[in-house]
Amino acid sequence: MHVGPALVVGAGFEATSMDRIAAAAGVSKRTVYNHFPGKEALFARILEQLWESSVGGVALTYRADQPLAPQLKQLLLQKLLLLGDPNFIDLARVAMAEIIHAPERAREIVGRMDEKEGGLVRWIRAAIADGRLQGVDEDFAGQQLQGLVKSFALWPQIMMGQAPLAEAERERVAESAVAMFLGHYGRGD
């Protein structure tokens, strides 16, 4: 039995009934219950499928022997690819709906999304330890960078249904964010 994420993503957890799930899957409600003890378990499995099908996490090992700008740009380009992945966008939409309707259920979703995006703060932390960034609170700076990128490559897609950024747009967003970030925190690398 396969139930696509579109059913829950489109209607949301609360508005999706086991009857509706059975109808969408073309099976009886009993069959759905044979596979899943309840809507919570089915929802968790759908989120897991979305999670597994989204692109890999944002990760780039900090290199002390290389300039910061190209490293940070590469990291942000990876992030922009993740944010443009349709499965990640679907997952983010579900997370947003759950934050509104069931904050306790949303915590796990948001936490897992943060894990997938976590390479940025690790990179910043390593650059601070190497003395190449100044006046930086790693979490604050990571959130700033996330905001610079997500304002172009996540919120318009989730809230207004815009298409993911094209390659040239991703390059422009990454280059601008790098220049702003290093202009403020860099030590003249």
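Excluded from the calculations below are hydrogen atoms, water molecules and symmetry mates; all remaining heavy atoms, backbone and side chain alike, are included. Computed from a predicted model, the values in this text were never measured in an experiment.
Annotation for Glu167: atom CD does not count as buried by contact number, only 12 or fewer foreign heavy atoms lying within 6.0 Å. Sparse packing is recorded around CD of Gln143, with 12 or fewer heavy atoms of other residues, nucleotides or ligands lying under 6.0 Å away. The number of heavy atoms from other shown groups lying within 6.0 Å of CE (Met159) does not exceed 12.
A donor-acceptor contact under 3.5 angstrom links the side chains of Arg132 and Tyr62, judged on distance only.
In this structure, Leu80 and Phe152 have side chains that are not in contact, with every pair of non-hydrogen atoms separated by 4.5 Å or more. Using a 4.5 Å heavy-atom threshold, the side chains of Arg30 and Asn34 count as touching. In this structure, Phe36 and Thr31 have side chains that are not in contact, with every pair of non-hydrogen atoms separated by 4.5 Å or more. Using a 4.5 Å heavy-atom threshold, the side chains of Leu68 and Leu133 count as touching. A heavy-atom distance below 4.5 Å is not found between the side chains of Leu165 and Arg172. Inter-residue side-chain proximity for Ile124 and Asp139 is flagged as unmet; no heavy-atom pair is nearer than 4.5 Å. Residues Pro164 and Leu83 are not in side-chain contact: their nearest non-hydrogen atoms beyond the backbone lie 4.5 Å or more apart. Looking at Tyr185 and Gln144, their side chains come closer than 4.5 Å, going by heavy atoms from C-beta outward.
In this structure, Gln74 CD and Gln66 CD are separated by 10.5 Å, a value rounded to the nearest 0.5 Å. Interatomic distance, CG of Leu72 versus CG of Leu76, reported as 4.5 Å (0.5 Å rounding). Separation of atoms CG (Leu120) and CD (Gln78) is listed at 10.5 Å; rounding is to 0.5 Å. Distance check, rounded to the nearest 0.5 Å: CZ of Arg63 to CG of Asp130 gives 12.0 Å. The line from CD1 of Ile158 to NZ of Lys150 is 8.5 Å long, rounded to the nearest 0.5 Å. To the nearest 0.5 angstrom, Leu82 atom CG is 12.5 Å from Leu77 atom CG.
Looking at every heavy atom in both residues, Ala141 comes nearest to Val136 through CB-CG1, 3.6 Å. Shown here for Val121 and Gly142, the closest heavy-atom pair between the two residues is CG2-CA, 4.3 Å.
Ser151 places a side-chain N or O within donor-acceptor distance of the main-chain N or O of Leu148, the cut-off being under 3.5 Å. Side-chain atoms of Glu138 never come within 3.5 Å of backbone atoms of Arg122 as a donor-acceptor pair (strictly under, hydrogens ignored). The closest donor-acceptor contact from the side chain of Gln157 to the backbone of Ala163 lies under 3.5 Å.
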> Should Glu171 and Lys73 be marked as a salt bridge (Lys or Arg N to Asp or Glu O under 4.0 Å) after you check the CA-CA gap, both sets of side-chain angles, and the distance that decides it?
Replying inline: CA-CA 8 Å; Glu171 288 279 333; Lys73 180 180 175 187; 2.7 Å; yes

